[in-house]
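This report refers to the structure that appears directly beneath it.
The sequence lines fix the lettering, A, B, ..., with proteins before strands; numbering per chain opens at 1.
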Amino acid sequence: MPRILSRPFYARATLTVARELLGCVLARRVDGRDTLRARIVEVEAYVGEEDKACHARAGRTPRTDVMYGPPGIAYIYLTYGMHYMLNAVTEPDGCPAAVLIRAAEPLEGIERMRRARGTDDDRLLAAGPARLTQALRLDLRQNRADLRGPLLWIEEGEPVADRDVAQSPRVGCQTAPPPWDRIPWRFYVAESRFVTPGTRGLAAPTTGPAARKTRGGNRAAHRR
DNA sequence: GGATCGATCGGCT
DNA sequence: GCCGATCGATCCG
């Protein structure tokens, strides 16, 4: 039996939780019988009111209230009037922070995910935060759900080695004031083909002439 | 492969 | 009123 991540796992520093969530298995029970499972390959950390890209920058409001509560709870919100995003609340009770689950590799219940997404391209079933919630049939009704089940949970997985993890600035945060627009708090499995398409070029924020070559090289280097 | 654009609405200024 | 922690279609090269 796979072990379900416990509350203390989420109660730690958000960057640590984000990094360690890579390789873990996101699971979802639908229609009271079917189980959907997918391996997490891309996440982002959002940490506190100081983090000007984090929703908690506006303080405690009806929407962000859940981030101020106990860890190990789902924070799901609607964005662009049509897309849902899944986060795992982190840090001890009272600290507003969360990890956005951005992409995953489908493992089980793939046929149901195809139906939910309306596509047969398995690579795109959960490659992006909104695609992921659509594949797993998540919406506002699962906001504040306990991540230890029974509707939604995350299992321990095969750990991802440091050499296989890449970092980059967070996607879609370009309008946040510095340094929050560039801080490399996105973590992903470098060689996975299930990360959000078109976000690989964002690679580590190294600067200078040498970094330029690396950037183009990263894309061709990892293929599968 | 890359750039641009419209969809669509709750939450916050 | 404004604007997103986005996606997919479409156009171009």
Side-chain angles (χ1 to χ4, degrees), chain A residues 14-15 17-19 21-22 26 40-68 73-91 96-104 113-114 116-144 167-188 193-203 205 212 215-223:
Chain A
T14 306
L15 292 182
V17 177
R19 164 66 181 84
L21 276 176
L22 293 178
L26 178 62
I40 298 171
V41 298
E42 180 183 343
V43 297
E44 281 174 2
Y46 290 88
V47 192
E49 298 178 348
E50 308 306 310
D51 177 0
K52 296 310 176 192
C54 179
H55 287 166
R57 66 184 179 274
R60 194 166 188 157
T61 68
R63 181 175 64 154
T64 62
D65 180 69
V66 58
M67 280 202 285
Y68 287 78
I73 299 293
Y75 164 40
I76 299 180
Y77 66 91
L78 175 72
T79 192
Y80 291 103
M82 62 185 92
H83 298 306
Y84 300 103
M85 305 281 134
L86 168 66
N87 298 255
V89 173
T90 59
E91 310 266 354
V99 173
L100 171 67
I101 314 293
R102 285 192 55 91
M113 295 188 206
R114 288 180 184 139
R117 287 272 302 120
T119 179
D120 280 347
D121 187 345
D122 290 359
R123 195 171 43 104
L124 289 179
L125 288 182
R131 295 187 182 107
L132 182 145
T133 55
Q134 189 178 31
L136 296 184
R137 297 171 53 182
L138 294 168
D139 57 40
L140 263 15
R141 289 172 293 183
Q142 287 76 233
N143 187 30
R144 294 179 183 273
Q167 279 180 254
S168 84
R170 293 169 292 185
V171 177
C173 296
Q174 309 89 327
T175 59
W180 311 108
D181 58 337
R182 302 203 167 252
I183 197 159
W185 285 355
R186 168 172 176 255
F187 301 83
Y188 61 99
R193 42 192 270 263
F194 297 93
V195 301
T196 311
T199 57
R200 229 179 259 282
L202 300 173
R212 261 176 240 165
R215 224 183 290 165
N218 277 346
R219 335 186 65 190
H222 306 294
R223 262 213 183 178

Could you tell me the separation between the [atom1] atom of [X] and the [atom2] atom of [N], rounded to a whole number of Å?
X: Glu44(A); N: dT6(C); atom1: CD; atom2: C1'; value: 12 Å
X: Arg200(A); N: dG2(B); atom1: CZ; atom2: P; value: 12 Å
X: Met67(A); N: dA5(C); atom1: CE; atom2: P; value: 11 Å
X: Ile76(A); N: dG10(B); atom1: CD1; atom2: C1'; value: 16 Å
X: Tyr84(A); N: dG4(C); atom1: OH; atom2: C1'; value: 15 Å
X: Tyr77(A); N: dA5(C); atom1: OH; atom2: C1'; value: 4 Å
X: Asn87(A); N: dT6(C); atom1: CG; atom2: P; value: 11 Å
X: Tyr75(A); N: dA5(C); atom1: OH; atom2: C1'; value: 9 Å

Gap in Å between the two P atoms, one belonging to dG13(C) and one to dC5(B), rounded: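 Between the two P atoms, the distance is 15 Å.
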When the P atoms of dT10(C) and dT8(B) are considered, how many whole Å apart are they?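 Approximately 15 Å lies between the P atom of dT10(C) and that of dT8(B).
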Minimum heavy-atom distance between [X] and [Y], given as atom pair plus value:
X: Arg123(A); Y: Arg193(A); answer: CG-O, 3.1 Å
X: Asp122(A); Y: Phe194(A); answer: O-CE2, 3.7 Å
X: Leu22(A); Y: Glu42(A); answer: CD2-N, 3.6 Å

OP1, OP2 of dC3(C) versus side-chain N and O of Thr175(A): anything below 4.0 Å? no
Step through the shown structure and confirm whether more than 12 heavy atoms of other residues, nucleotides or ligands are within 6.0 Å of CZ on Arg141(A).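 Counting other residues, nucleotides and ligands, CZ of Arg141(A) stays at 12 neighbours or fewer.
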State, yes or no, whether a side-chain contact exists between Pro129(A) and Glu44(A) at a heavy-atom distance under 4.5 Å. no
Could you spell out the base pairing of DNA chain B in dot-bracket, with Watson-Crick or G-U pairs whose two distances are under 3.5 Å, [ ] crossing and | to another strand? |||||||.||||.
For the [atom1] atom of [X] and the [atom2] atom of [Y], what is their distance to the nearest 0.5 Å?
X: Arg117(A); Y: Gln134(A); atom1: CZ; atom2: CD; answer: 4.5 Å
X: Asp139(A); Y: Thr133(A); atom1: CG; atom2: OG1; answer: 8.5 Å
X: Arg114(A); Y: Leu124(A); atom1: CZ; atom2: CG; answer: 12.5 Å

Check: Arg182(A) side chain, Pro179(A) main-chain N or O, donor-acceptor pair, under 3.5 Å: no
Check side-chain contact (heavy atoms from CB on, under 4.5 Å) between Ala18(A) and all other residues, then give those that pass, not counting sequence neighbours.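 With neighbours one apart ignored, the set is Val43(A), Ala45(A), Val99(A), Phe187(A).
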Can you name the atoms? Protein N/O to nucleotides 3-9 of chain B N/O, anything below 3.5 Å, with the distance.
from	atom 1	to	atom 2	distance (Å)
dT8(B)	O2	Tyr80(A)	O	2.6

With sequence neighbours excluded, what pairs up with Asn143(A) under the side-chain hydrogen bond (donor to acceptor under 3.5 Å, both in side chains) test? none
Distances under 3.5 Å only, N/O to N/O: pair up the protein atoms with those of nucleotides 11-13 of chain C.
none

Interface residues of residues 52-65 of chain A with DNA chain C (non-hydrogen, below 4.0 angstrom):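 Ala53(A), His55(A) - these, ordered by number, are the residues of the stretch whose heavy atoms sit under 4.0 Å from the strand.
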Would you sort out whether Arg131(A) and Asp121(A) count as a salt bridge (charged side-chain N to carboxylate O under 4.0 Å, His left out), showing the intermediate values? CA-CA 12 Å; Arg131(A) 295 187 182 107; Asp121(A) 187 345; over 6 Å; no
Regarding Thr199(A) and Arg102(A), is there a side-chain donor-to-acceptor distance under 3.5 Å anywhere? no
Are Trp185(A) and Tyr46(A) close enough, and set up right, to give a side-chain contact (heavy atoms from CB on, under 4.5 Å), and what steps lead you there? CA-CA 8 Å; Trp185(A) 285 355; Tyr46(A) 290 88; over 6 Å; no
